[in-house]
Engineer: 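Quick one: this structure, given as structure tokens, is what I'll be asking you about.
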2 protein chains.
Amino acid sequence: MLTPPSDTHPEKGVVTQLRAYLAQSDLAEDGRLPPERELASALGVSRAELRKALDVLEAEGQLWRHVGKGTFMGSRPLDTFADIAALARRSNPAEVMRARIAMEPEITRAAAFTATPADISEMRLCLARSRQAETWRQYEGWDTRLHRTIAEATQNSLLLGLFDTLNAVRRAVTWGRLRSVPVRPLPSHHSFAEHEAIVDAIEHRDMAGAASAMRAHLMTVERKLMEKQMRAAGEG
Amino acid sequence: MLTPPSDTHPEKGVVTQLRAYLAQSDLAEDGRLPPERELASALGVSRAELRKALDVLEAEGQLWRHVGKGTFMGSRPLDTFADIAALARRSNPAEVMRARIAMEPEITRAAAFTATPADISEMRLCLARSRQAETWRQYEGWDTRLHRTIAEATQNSLLLGLFDTLNAVRRAVTWGRLRSVPVRPLPSHHSFAEHEAIVDAIEHRDMAGAASAMRAHLMTVERKLMEKQMRAAGEG
DNA sequence: AATATAAACCAAAGATAAATTGGTATCCAA
DNA sequence: TTGGATACCAATTTATCTTTGGTTTATATT
């Protein structure tokens, strides 16, 4: 306790010096401040010392840092992983199904209110083509198109965009053994009747009915998927 | 009509030659076929002639092309405008509100099933802070965080990603005169009680109640927005 | 005159290399 | 032991080059 306070705690001085700098200097639009090396020499302190001061301000929540990006004023922006690939990497089939069950019934409800006759006739076309499908791959194509036509029928580009994102993640997610074998879908396939019920409800402007029909359909899909998973686990 | 048919319509021959090539050659996983310059020399025809044949197949929908990418078999993938900026450009406040009303109640329903006590206490924190907000900007911050905490509570990274996308578009969309003036929100602000009802329902694991409380809240927000629009139109 | 061919050029998209930046370890001196 | 300078690392961005479908132009060819 012999040395003067101003010298025993020089880093505090750096903190106040840094605060003054940030207060007077008008930063860029994104609040980015100069790289550590520049700032250190500009303030006439060592980089290590500057970093200590930055640590303090970061702990206070006044700024945030990221390697390769830089140091920024304000609070860290919420990391919105809107990237399809990143989403697919973090997600899994169960999450995809729960998300579909949450989103698509409400999209269907909205579509029942806004669908045009042209939309509905395209849905019917998809239904017919999916019945005639020779391969499972063809069936999947018409099934996907039916669901997207319903999303288009909402006349809401934002809902359509969200649906597309969900769909892209669904395609990108790793399904492993859950994938179906490439045999032709049987006429008794559960989806046929369920799809028809959905389109019927949309055509009758039955919003509640359309939503619940879509929900029932997706829950059946989820159940079939889980049953398949159980069988696969039993075999292995 | 003096020249033999096989010479007067050489491009038809190229089309069939191309069809044969596509049938026998097994393309890459993504259905991409070699660049035009290679393919032309491989088939022994000029690039212009090959392009005519490709035009035919493209018109038939057998393949699709894109500058810088290449030429691909099959139907063009649906252009998924997952890009935030593009979505915001095509959308508008009305669409954003309808999308929120479609999505967020179902997210809330899921959250009521999966939320942890930690999630719920964070929601309560957001509620308290939003009540203490000194400025409208601060209130918005806590309001946004409350809604995102609910989305996080679903424990579904895909649903959270979709919510983030929706939220990003909401921030990016041009609201024009609908934007609120920066005065302090009054204690009687409708959102306070509505937010509380939502969190209460989540805490009691009342899925239906949570969904309907969120729906009621968002519909109030939408109604207030439209009323404001009406007043603005009357003034102008 | 009409058409095909070759070459050159363009803009979009992808692939690769180089530079930047926050984070960390090491060595030296006070 | 502490502080400072240096070197190095991995994440990220930026710049550069290459590839690719689309277009134009000049030149043969018939």
Side-chain angles (χ1 to χ4, degrees), chain A residues 1-15 17-18 27-59 62-73 76-77 79-81 83-86 89, chain B residues 1-15 17-18 27-59 62-73 76-77 79-80 83 86:
Chain A
M1 298 290 184
L2 296 177
T3 45
S6 57
D7 286 22
T8 43
H9 300 299
E11 63 280 8
K12 277 203 173 180
V14 178
V15 170
Q17 191 181 355
L18 185 54
L27 309 96
E29 166 68 19
D30 54 355
R32 181 180 188 177
L33 48 96
E36 293 181 354
R37 291 162 177 83
E38 282 185 28
L39 193 50
S41 73
L43 298 183
V45 300
S46 77
R47 195 181 157 209
E49 208 167 7
L50 170 64
R51 281 182 56 75
K52 281 187 194 169
L54 287 173
D55 287 342
V56 174
L57 293 192
E58 185 181 28
Q62 304 248 0
L63 52 83
W64 61 278
R65 307 184 266 185
H66 195 295
V67 281
K69 286 184 168 178
T71 306
F72 299 83
M73 290 288 290
R76 181 186 304 270
D79 53 335
T80 157
F81 26 18
D83 184 53
I84 307 290
R89 222 174 310 115
Chain B
M1 299 292 182
L2 295 178
T3 46
S6 57
D7 285 24
T8 43
H9 301 300
E11 63 279 7
K12 276 203 172 179
V14 178
V15 170
Q17 192 182 353
L18 185 54
L27 310 97
E29 167 67 18
D30 53 353
R32 181 180 188 176
L33 48 98
E36 293 181 353
R37 292 163 176 82
E38 281 185 30
L39 192 52
S41 73
L43 297 183
V45 299
S46 77
R47 196 180 157 210
E49 207 167 7
L50 169 66
R51 282 182 58 75
K52 281 186 195 169
L54 287 173
D55 287 342
V56 174
L57 292 193
E58 184 182 30
Q62 305 250 359
L63 52 83
W64 62 277
R65 305 184 270 185
H66 195 295
V67 281
K69 284 184 169 179
T71 307
F72 299 84
M73 289 288 291
R76 179 186 304 272
D79 52 336
T80 157
D83 183 52

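Letters A, B, ... mirror the listed sequences (proteins, then strands); counts begin at 1.
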Engineer: Mind calculating the distance between CZ (A:R65) and P (C:dG22) to the nearest angstrom?
Structural biologist: 8 Å
Engineer: So if I take every side-chain heavy atom of A:R32 and compare against C:dG23, C:dT21, C:dT5, which nucleotide ends up nearest?
Structural biologist: C:dT21
Engineer: Is the distance from OP1 or OP2 of D:dT12 to the nearest side-chain N or O of A:H66 less than 4.0 Å?
Structural biologist: yes
Engineer: Over how many whole Å does the gap from B:L54 atom CG to D:dT20 atom P extend?
Structural biologist: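 Interatomic distance, CG of B:L54 to P of D:dT20: 14 Å.
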Engineer: Roughly how bent is the helix from C:dA1-D:dT30 to C:dA30-D:dT1 end to end, in steps of 10 degrees, with each end axis from five pairs?
Structural biologist: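 Answer for the end axes of this duplex: 20°.
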Engineer: Closest approach of A:V14 and A:L50, non-hydrogen atoms and distance?
Structural biologist: CG1-CA, 4.4 Å
Engineer: Give the rounded distance in Å between these two atoms: CG of B:L63 and P of D:dT20.
Structural biologist: 16 Å
Engineer: Think B:T71 has a side-chain N or O under 4.0 angstrom from the OP1 or OP2 of D:dT20?
Structural biologist: no
Engineer: Grab the NZ-P distance between A:K69 and D:dA11 for me, whole Å please.
Structural biologist: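 Taking NZ of A:K69 and P of D:dA11, I get 14 Å after rounding.
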Engineer: Quick one: CG on A:L33 to CG on A:L18, what's the gap to the nearest 0.5 Å?
Structural biologist: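 So the CG of A:L33 and the CG of A:L18 are separated by 7.5 Å.
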Engineer: In terms of side-chain heavy atoms of A:R47, which of C:dA12, C:dG22, D:dA5 is nearest?
Structural biologist: C:dG22
Engineer: Please report, rounded to the nearest Å, how far the P atom of D:dT12 is from the CH2 atom of A:W64.
Structural biologist: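 Nearest whole value for this atom pair: 11 Å.
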Engineer: Can you tell me how far apart OG1 (B:T71) and CG (B:L39) are? Round to the nearest 0.5 Å.
Structural biologist: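 Between atom OG1 of B:T71 and atom CG of B:L39 there are 8.5 Å.
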Engineer: From C-beta outward on A:V67, which listed nucleotide comes closest to its side chain: C:dC9, D:dA7, D:dA11?
Structural biologist: D:dA11
Engineer: How close do B:L57 and B:V15 get, heavy atom to heavy atom, and via which atoms?
Structural biologist: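 That would be CD2-CG1, 4.4 Å.
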Engineer: Rounded to whole Å, how long is the line connecting atom CG of B:L50 with atom C1' of C:dT5?
Structural biologist: 14 Å
Engineer: Would you mind reading off the distance between B:L39 atom CG and D:dT20 atom C1', rounded to a whole angstrom?
Structural biologist: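 Atom-to-atom, B:L39 to D:dT20, this comes out as 13 Å.
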Engineer: Salt bridge (charged side-chain N to carboxylate O under 4.0 Å, His left out) with B:R37: which residues, sequence neighbours excluded?
Structural biologist: none
Engineer: Measuring from atom CH2 of A:W64 to atom NZ of A:K69, what distance do you get when rounded to the nearest 0.5 angstrom?
Structural biologist: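 Reported value, rounded in 0.5 Å steps: 5.0 Å.
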Engineer: Figure out the CZ/C1' separation between B:R37 and C:dA6, and round it to whole Å.
Structural biologist: 12 Å
Engineer: Nearest 0.5 Å, what's the CZ-CZ distance between B:R65 and B:F72?
Structural biologist: 12.5 Å
Engineer: Starting at the 5' end of DNA chain C, which residue's closest nucleotide do you reach first, B:G68 or B:V45?
Structural biologist: B:V45
